[in-house]
Q: 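First the structure, which I've put down as structure tokens, then a few questions once you've had a look.
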Amino acid sequence: MTGTIIDNVTVVAGGGREPIAGATVDLDPEGTVLSIRDAGAAPTGGRFLVPAAVDLHLDNLTERRQPRATVRLDQAAVLSVLDAECAAAGIGTVCIAARCEDAPGKGVLIEDAVELARILEDLAPHLACDWRIHARVEVTDDTAVDALASIISISTRVAIISVMEHSAERSRFGSREEHRAFYAADWGLSLDEVDRILAAKAAGGTDREARRAEVARISREAGIVLASHDDRSPSDIDAAVALGATVAEFPLTMEAALHARQLGMATVLGAPNAVRGRSTSSGNLLVADAVAAAACDILCCDYLPFALQAAPHALAQSGVVGLGTAVDLVSTAPAAALGLPSPVIEVGKPLTAALGTVSGTTFIGTALWRAGRKTFSRDSTAAHERDRTPVRV
């Protein structure tokens, strides 16, 4: 076997290190980094080598499975294609949402979450990305906790559990009318149908505190990271910490985000928010503002894989934060929050990284390595990434 040379590239190693422009990276046959050499010249072509992204929240499987109103695709088939998309987007680890909720009106079936756990046990070893489960538990649903327990019993890949309450009372929107209008458009339902779903959540919510406590117990006993969701106030954060949550997903206000950080929680916002410059909910916290105020630790895909590696470039190009720091939001920080190995690029470590060309803010992935093994590549890398031979090309 021969080693690999990656040249004419800007290396953003992670861990807050400044980018190295015009670098050459040497790998041994096992994919371990032998050297990172600064050629002292500006690279051409906009090529970047960055730590492979770690995504702790991707929830788009339901939508991908139903490309038409009367079509519902197999989860395994959709996952196999979504894997290639995520690899091309420079993501090394993906926490896919298993939605512990039964809401047929919006296309969510409780049995799908348990089926997803079974599928990933079989499929994951064959995929380019490292696929984990993010169990999203809806506490207004009386079947949710049992579904979580089933997933835990089946799967070795549950990385995070989040406690959700999508009631009108705990809405991420500023008003009930905005809440109703968004979900009518998002689910493709009439307002009357949305009202029926909200009424069912209100009825199921009478036992939500007991369910919250049970989810926290399951998380604690299994040793799995617990996250809160859509916290609006410092008191919401206090309640989450009391349950044992160490991650605050999508805090809705600066006050909640800052309070979470003060209490030692890792705060997570959506990468699409950073790329688009706005939230899907008017008035909610913007990533640029949160990062500038040191109120955001982590960015996640949310629903859009390509946004994850694009977000650091969007933040850096707009002057919010330097690229050397921004890449940590999507790589080393989420890995630390989940207790996973850091994907930082350094000599002596097997390479866990994404190689790609950046056009504007879009990261066009051309290769992905996980623990030294290349799991994804496109032919366009051939001109600059080559097997080591006695004659350099």
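Side-chain atoms are counted along with the backbone in the values below, which use heavy atoms only and exclude waters and symmetry mates.
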Q: Which value, rounded to the nearest 0.5 Å, describes the distance between Ile91 atom CD1 and Cys301 atom SG?
A: 3.5 Å

Q: Strictly by modelled atom types, are Asp297 and Thr267 linked by a side-chain donor-acceptor pair under 3.5 Å?
A: yes

Q: Is it true that Glu121 and Thr156 share a donor-acceptor pair across their side chains at a distance under 3.5 Å?
A: yes

Q: For the residue pair Asp74 and Ala76, what are the closest heavy atoms and their distance?
A: OD2-N, 3.0 Å

Q: So do Val268 and Leu56 actually touch side chain to side chain, heavy atoms under 4.5 Å?
A: yes

Q: Would you please say whether a donor-acceptor pair under 3.5 Å links the side chains of Thr140 and Glu138?
A: yes

Q: Would you find a donor on one side and an acceptor on the other, under 3.5 Å apart, between the side chain of Asp142 and the backbone of Asp207?
A: no

Q: Apply salt bridge (Lys or Arg N to Asp or Glu O under 4.0 Å) to residues Asp112 and Arg99 and explain how you reach the verdict.
A: CA-CA 8 Å; Asp112 287 348; Arg99 298 172 68 170; over 6 Å; no

Q: Can you tell me which residue among Val137, Ile218, Val163, Val247 is in a side-chain contact (heavy atoms from CB on, under 4.5 Å) with Leu226?
A: Val163

Q: Does Leu355 belong to the same Ile/Leu/Val/Met/Phe/Trp/Tyr cluster as Val33, with side-chain heavy atoms less than 4.5 Å apart forming each link?
A: yes

Q: Keeping the roles fixed (side chain from Asp28, backbone from Gly3), state whether a donor-acceptor pair exists under 3.5 Å.
A: no

Q: Do Arg47 and Ile6 pass the side chain to side chain contact (heavy atoms under 4.5 Å, CB included) test, and can you show the C-alpha distance, the side-chain angles, and the key distance before you say yes or no?
A: CA-CA 10 Å; Arg47 285 160 43 86; Ile6 307 168; 3.9 Å; yes

Q: Below 4.5 Å, heavy atoms only, C-beta onward: do Leu148 and Asp146 meet side chain to side chain?
A: no

Q: Just so I know, are the side chains of Ser331 and Thr352 near enough to count as touching, which here means a heavy-atom distance under 4.5 Å?
A: no

Q: Mind checking whether His57 and His229 have parallel, tilted or perpendicular rings, split at 30° and 60°?
A: parallel

Q: Donor-acceptor pair, distance only, cut-off 3.5 Å: does the side chain of Thr332 make one with the backbone of Val344?
A: no

Q: With rounding to the nearest 0.5 Å, note down the distance linking OG in Ser219 to CD in Glu214.
A: 11.5 Å

Q: If you take all heavy atoms of Val320 and Ala292, which pair is closest and at what distance?
A: CG1-N, 4.1 Å

Q: Should Arg132 and Asp130 be marked as a salt bridge (Lys or Arg N to Asp or Glu O under 4.0 Å) after you check the CA-CA gap, both sets of side-chain angles, and the distance that decides it?
A: CA-CA 7 Å; Arg132 309 294 180 105; Asp130 176 18; 2.9 Å; yes

Q: Taking atom CG of Leu127 and atom CG of Leu120, what is their separation to the nearest 0.5 Å?
A: 7.5 Å

Q: Do His259 and Asp238 meet the criterion of a side-chain donor-acceptor pair at a distance under 3.5 Å?
A: yes

Q: Counting C-beta onward and ignoring hydrogens, is there a side-chain heavy-atom pair between Leu61 and Gln75 closer than 4.5 Å?
A: yes

Q: Are Ile160 and Leu338 close enough that some pair of their side-chain heavy atoms sits under 4.5 Å apart?
A: yes

Q: Transitively linked via ILVMFWY side-chain contacts under 4.5 Å: Phe363 with Leu323?
A: yes

Q: Checking Val11 against Val9 for the side chain to side chain contact (heavy atoms under 4.5 Å, CB included) test, could you report, in this order, the C-alpha distance in whole Å, the side-chain angles of both residues, the deciding distance, and whether it holds?
A: CA-CA 6 Å; Val11 175; Val9 69; 3.9 Å; yes

Q: Stepwise, does the side chain to side chain contact (heavy atoms under 4.5 Å, CB included) test hold for Leu285 with Leu269?
A: CA-CA 9 Å; Leu285 185 59; Leu269 292 172; 4.0 Å; yes

Q: Report yes if some heavy atom in the side chain of Pro312 is under 4.5 Å from a heavy atom in the side chain of Leu329; otherwise report no.
A: no

Q: Taking atom types as modelled, is there a side-chain donor on Ser228 or Asp231 under 3.5 Å from an acceptor on the other?
A: yes

Q: Show your reasoning for whether salt bridge (Lys or Arg N to Asp or Glu O under 4.0 Å) applies to Glu255 and Arg232.
A: CA-CA 8 Å; Glu255 292 76 16; Arg232 185 172 292 279; over 6 Å; no

Q: Which atom pair, heavy atoms only, marks the closest approach of Ile345 to Val50?
A: CD1-C, 3.6 Å

Q: Over all heavy atoms of both residues, which pair between Pro67 and Arg64 is shortest? Give the atoms and the distance, please.
A: CD-O, 3.9 Å

Q: Give a yes or no on whether the backbone of Val321 and the side-chain of Thr325 come within a donor-acceptor separation of less than 3.5 Å.
A: no

Q: Can you check whether Ile161's main-chain N or O pairs, donor with acceptor, with Arg136's side chain at less than 3.5 Å?
A: no

Q: Should Phe250 and Ile298 be regarded as members of a common hydrophobic cluster, given that ILVMFWY residues are connected when their side-chain heavy atoms come within less than 4.5 Å of each other, either directly or indirectly?
A: no

Q: Does any non-hydrogen side-chain atom of Ile224 lie less than 4.5 Å from one of Ile152?
A: yes

Q: Output yes when a side-chain donor or acceptor of Thr375 lies under 3.5 Å from a complementary backbone atom of Ala128, and no otherwise.
A: yes

Q: How far apart are the C-alpha atoms of His313 and Phe48, what are their side-chain angles, what is the distance that settles it, and do they pass the side chain to side chain contact (heavy atoms under 4.5 Å, CB included) test?
A: CA-CA 11 Å; His313 294 276; Phe48 285 81; 3.9 Å; yes

Q: Look at the side chain of Arg261 and the backbone N and O of Cys296, then say whether any donor-acceptor pair between them is shorter than 3.5 Å.
A: no

Q: Let me see the working for Glu165 and Arg208 under salt bridge (Lys or Arg N to Asp or Glu O under 4.0 Å), right down to the final yes or no.
A: CA-CA 8 Å; Glu165 181 184 337; Arg208 59 192 168 193; 2.6 Å; yes

Q: Quick one: do Arg212 and Glu209 make a salt bridge, cutoff under 4.0 Å?
A: yes

Q: Arg65 side chain to Leu73 main-chain N or O, any donor-acceptor pair under 3.5 Å?
A: yes

Q: Is there a donor-acceptor contact under 3.5 Å from the side chain of Ser318 to the main chain of Ala314?
A: yes

Q: In Å, rounded to the nearest 0.5 Å, how long is the span from CD1 of Ile36 to CD of Glu346?
A: 8.0 Å

Q: Specify the closest pair of heavy atoms between Ala89 and Pro305, including all atoms of both residues, with the distance to one decimal.
A: CB-O, 3.8 Å

Q: As an exercise, state the distance from OG1 of Thr143 to CD1 of Ile110, rounded to the nearest 0.5 Å.
A: 3.5 Å

Q: Under 4.5 Å between side-chain heavy atoms, counting indirect links through other Ile/Leu/Val/Met/Phe/Trp/Tyr residues: same cluster for Leu252 and Leu286 or not?
A: no

Q: Do Val158 and Leu79 sit in one hydrophobic cluster, given that two such residues count as connected whenever their side-chain heavy atoms are within less than 4.5 Å of each other, even indirectly?
A: yes

Q: About how many Å separate CD of Glu249 and SG of Cys300, when rounded to the nearest 0.5 Å?
A: 6.0 Å

Q: Does the Asp102 side chain pair with the main chain of Leu109, one donor and one acceptor, at a distance under 3.5 Å?
A: no

Q: Decide yes or no for Ile364 and Arg378: does some side-chain heavy atom of the first lie under 4.5 Å from some side-chain heavy atom of the second?
A: yes

Q: Which heavy atom of Pro51 sits nearest a heavy atom of Pro343, and at what distance?
A: CB-O, 3.4 Å

